[in-house]
Amino acid sequence: MKIASIACTLAVGLLVALSWGTPAFAQATRTWVSGVGDDANPCSRTAPCKTFPGALSKTAPGGEINCLDAGGFGNVTITKSISIICEVEAGVLASGATGVLINAASTDRVLLDGLDIEGLGAGTNVDGIKILSAGVVYIRNCSIRRFTGNGVNLNSTTNPVRALIQDSFIVLNGGGVHVMGNANVASLTHTVVDGNTNFAVQADGTGNIVAAANSVLTGTAAISLLNGGTADSFGPSNVVSGSSTFTTTAPFK
């Protein structure tokens, strides 16, 4: 009996020692990144992470990632509700790779605010922001440029997704904003889509819609509509330079 008791005590002591020797960080509702951070940190304000992927792994679903200072925080794949909000220059340098890939659940909401997403013209048919699945994606105050694919590529083939793009620049890509798949909608407000090689906006397939208000759409093909896709203008508020026109123009209410 005494031997068994000693063995049990030793086993418990070993487990406690192992738990002390293995640091663990619970997921937080708010995390931070910094140009001088480290992904081994817990991503707190006083011990920030270095990259968006590092912070994302330590942020709870529905949480928020903020930027402490300017930096390059890496391309990232998002699979849950999250907000990435930066009031300083938050670079996503994605040479030859997608800048932000969103493949979340149909009820998830993703907010991207203040990102500078740069593709360097590298790779073949890679996108700035590629949306495969989500509920709603908000893109605000972002610059997306020099991707060989599309600046924003909304292509959910499962559930319909809404992408709301506000106060952003989508320039010098293969295509600007591309929508296809299962009844997806991209809405642009106060956004400039310019200098993209193939089109400014494109809707491909019945039920897929591009809508715009107070935006600038310029290019050889300003509006490209394929296979029943439609483009809607809210009021006579858009500047369009290039071929094609909106399907409908709805008055402001």
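Both backbone and side-chain heavy atoms feed into the values below; hydrogens, waters and symmetry mates do not.
Checking side-chain atoms of D127 against main-chain N and O of T98 turns up no donor-acceptor pair under 3.5 Å. A distance-only check finds no donor-acceptor pair linking the side chain of T249 to the backbone of F246 [under 3.5 Å]. Side-chain N or O atoms of K50 include none that pairs as donor or acceptor with a backbone N or O of N41 at under 3.5 Å. Between the side chain of S215 and the backbone N or O of T191, at least one donor-acceptor pair lies under 3.5 Å. Between the side chain of T148 and the backbone N or O of V126 there is at least one donor-acceptor pair closer than 3.5 Å. No donor-acceptor pair closer than 3.5 Å links the side chain of D113 to the backbone N or O of S83. A donor-acceptor pair under 3.5 Å links the side-chain atoms of K80 to the main chain of T59, judged by distance alone. A donor-acceptor pair is defined here as one N or O able to donate and one able to accept, closer than 3.5 Å; such a pair exists between the side chain of N159 and the backbone of A134. Side chain of D167 to backbone of R140: no donor-acceptor contact under 3.5 angstrom is found. Put simply, the side chain of N66 never gets that close to the backbone of W32: no donor and acceptor are under 3.5 Å apart.
Looking only at side-chain heavy atoms (C-beta outward), L115 and I84 come within less than 4.5 Å of each other. Residues I102 and V137 have side chains in contact (heavy-atom distance under 4.5 Å, counting atoms from C-beta outward). Between P61 and Q27, some side-chain heavy-atom pair lies under the 4.5 Å cut-off. By the 4.5 Å heavy-atom criterion applied to side chains, N75 and V100 are not counted as neighbours. Residues V201 and L188 are in side-chain contact: their nearest non-hydrogen atoms beyond the backbone lie under 4.5 Å apart. Annotation: side chain of V161 is not in contact with side chain of V136 (no heavy-atom distance under 4.5 Å). Put simply, the side chain of T189 does not reach to within 4.5 Å of the side chain of I165, judged on heavy atoms.
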Pair Q202-D204, side chain to side chain donor-acceptor pair (under 3.5 Å): steps then yes or no: CA-CA 6 Å; Q202 182 177 81; D204 185 354; over 6 Å; no
If you apply the rule side chain to side chain contact (heavy atoms under 4.5 Å, CB included), what do you find for I129 with L112, and how did you get there? CA-CA 10 Å; I129 299 174; L112 305 174; 3.8 Å; yes
Where do I131 and N155 land on the side chain to side chain contact (heavy atoms under 4.5 Å, CB included) test, with the steps shown first? CA-CA 6 Å; I131 306 167; N155 187 7; over 6 Å; no
Passes side chain to side chain donor-acceptor pair (under 3.5 Å), T79 versus N103? Steps please. CA-CA 5 Å; T79 58; N103 193 10; over 6 Å; no
Determine, stepwise, if the pair T247 / L225 fulfils side chain to side chain contact (heavy atoms under 4.5 Å, CB included). CA-CA 9 Å; T247 309; L225 302 177; 3.4 Å; yes
Using the side chain to side chain donor-acceptor pair (under 3.5 Å) rule, take D108 and S81 through it: C-alpha gap first, then chi angles, then the decisive distance, then the call. CA-CA 5 Å; D108 285 339; S81 288; 3.0 Å; yes
Show, in sequence, the C-alpha distance, side-chain angles and deciding distance for V177 and F199, and conclude whether the side chain to side chain contact (heavy atoms under 4.5 Å, CB included) test is met. CA-CA 8 Å; V177 177; F199 52 80; over 6 Å; no
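Rounding to the nearest 0.5 Å places OG of S133 at 9.5 Å from CG of N184. Between the CD1 atom of I117 and the SG atom of C142 there is a distance of 5.5 Å, given to the nearest 0.5 Å. Taking OH of Y138 as the start and CZ of R162 as the end, the distance is 5.5 Å to the nearest 0.5 Å. In this structure, the separation between CG on D116 and CG on N141 is 12.0 Å, given to the nearest 0.5 Å. The CG atom of N227 lies 8.0 Å from the CE atom of M180; values are rounded to the nearest 0.5 Å. With rounding to the nearest 0.5 angstrom, the SG atom of C43 is 13.5 Å from the CZ atom of R30.
Nearest heavy-atom pair, I144 versus N173, reported as atom, atom and distance to 0.1 Å: O-ND2, 3.3 Å. For the pair F52 and A90, the tightest heavy-atom approach, listed with the atom from each and the gap, is CZ-CB, 4.3 Å. Listed here is the closest heavy atom pair of V240 and A222: CG1-CB, 3.6 Å. S233 and N238 get closest at one heavy-atom pair: OG-ND2, 2.8 Å. Of all heavy-atom pairs spanning A200 and V193, the tightest one is O-CG1, 3.2 Å. Counting all heavy atoms, side chain and backbone alike, G99 lies closest to A94 at CA-CB, 3.7 Å.
Residue pairs that meet the disulfide (SG to SG under 2.5 Å) test with at least one member in residues 50-91, sequence neighbours left out, are C67-C86.
With salt bridges taken as basic N to acidic carboxylate O contacts below 4.0 Å, none links K58 and D39.
Tracing side-chain contacts under 4.5 Å through hydrophobic residues (I, L, V, M, F, W, Y), one reaches I85 starting from L164; they form part of the same cluster. Hydrophobic clustering (side-chain heavy atoms under 4.5 Å, transitive across Ile, Leu, Val, Met, Phe, Trp, Tyr) groups I78 together with L154. Hydrophobic clustering, with ILVMFWY side chains joined whenever heavy atoms are under 4.5 angstrom apart, groups L56 together with V33.
Around atom CD of Q166, more than 12 heavy atoms belonging to other residues, nucleotides or ligands sit under 6.0 Å away. Counting heavy-atom neighbours within 6.0 Å of F169 CZ, excluding the residue itself, gives a total of 12 or less.
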